[in-house]
Amino acid sequence: MATQAEHSTNRRDFIFVATGSVAAVGAAATIWPLINQLNPDASTLALASIEFNLAGIEVGQSVTITWRGLPVFVRHRTQKEIDEAKAVPLSDLKDPATDEERTKPGHEDWLIMIANCTHLGCVPIGEAGDFDGWFCPCHGSHYDSAGRIRKGPAPLNLVLPPYEFISDTLVQIG
């Protein structure tokens with residue numbers, strides 16, 4: 001039969017373990033909402049990828065769409081714009097990238113990029129500037145017809161979102 005001291009020790013151990021367990025569950029229940037609020041909003045997750053029909057965009061025309069709350073330029077480039085972009089020596093570029101690196105094979109006439117200036121996040125004006133591309137009026141950054149920075153304070157080219165062509169007229173962004 002257990003002595004009084006052994007019975008008291010077992011009971012004390014159980015109370016310590018039970019108290020620790022309740023404290024751990026309480027701490028987890030308190031911390032979880034703080035961690036969970038760092039996750040993306042449901043509306044952002046719903047827009048994680050979008051499909052866009054290119055059929056209505058004529059050659060030489062640009063449209064601006066929204067993806068994940070960001071403006072995205074979709075440009076159906078002319079052959080002249082493509083030839084100009086390919087003719088630029090990489091040594092003339094702040095952020096060297098070939099035209100082929102900025103478009104998808106077989107779809108070189110389409111340029112899809114996030115419409116935020118890489119200097120301070122302004123939205124550039126299309127078909128403007130010194131290089132027949134985009135011009136950011138906030139601080140004077142000029143981008144060419146491939147969205148590459150050519151002049152001004154912006155350090156990088158306009159960012160390309162992840163995208164793929166599902167068909168000749170349908171593109172999925174994200």
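Small disclaimer: the values here were computed from a predicted structure and weren't measured. Start at 1 with the first residue, then count along the sequence.
Arg148 places no side-chain N or O within 3.5 Å of a backbone atom of Pro96 that could act as its donor or acceptor partner. Between the side chain of Ser141 and the main chain of Cys136, no donor-acceptor pair closer than 3.5 Å is present. Checked by atom type and distance alone, the side chain of Arg75 never pairs as donor or acceptor with a backbone atom of Trp110 at under 3.5 Å.
The side-chain heavy atoms of Pro155 and Asp95, taken from C-beta on, include no pair separated by under 4.5 Å. A 4.5 Å side-chain heavy-atom check between Glu100 and Glu108 finds every atom pair outside the cut-off. Between Lys151 and Asp130 there is a side-chain heavy-atom pair separated by less than 4.5 Å. Counting only heavy atoms from C-beta outward, the side chains of Pro71 and Asn116 approach each other to under 4.5 Å. Between Phe165 and Leu54 there is a side-chain heavy-atom pair separated by less than 4.5 Å. In this structure, Val72 and Thr64 have side chains that are not in contact, with every pair of non-hydrogen atoms separated by 4.5 Å or more.
Residue Met113 is found in a hydrophobic cluster whose other members, listed by chain and number, are Phe73, Leu111, Val123, Trp134, Tyr143, Ile149, Leu158, Leu160; membership requires side-chain heavy atoms under 4.5 Å apart, directly or through intermediates. In this structure, Ile166 belongs to a hydrophobic cluster whose other members, linked by side-chain heavy atoms under 4.5 Å apart, are Leu170. Taking Ile, Leu, Val, Met, Phe, Trp and Tyr as hydrophobic and joining them when side-chain heavy atoms fall under 4.5 Å apart, one finds Val88 in a cluster with Leu90, Leu93.
Counting non-hydrogen atoms of neighbouring residues, nucleotides and ligands closer than 6.0 angstrom, the CG atom of Asp168 reaches no more than 12 such neighbours.
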Intermediate values then yes/no, side chain to side chain contact (heavy atoms under 4.5 Å, CB included), Ile82 and Lys86: CA-CA 6 Å; Ile82 295 168; Lys86 288 183 177 183; 3.8 Å; yes
CA sep, side-chain torsions, deciding dist, call: Asn10, Asp13, side chain to side chain donor-acceptor pair (under 3.5 Å): CA-CA 5 Å; Asn10 290 338; Asp13 290 343; over 6 Å; no
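Among Asp99, Asp109, Asp132, the one residue that satisfies the salt bridge (charged side-chain N to carboxylate O under 4.0 Å, His left out) test with Arg77 is Asp99.
Under a cutoff of 6.0 Å and an axis angle of 45°, Lys104 and Tyr163 form a cation-pi pair.
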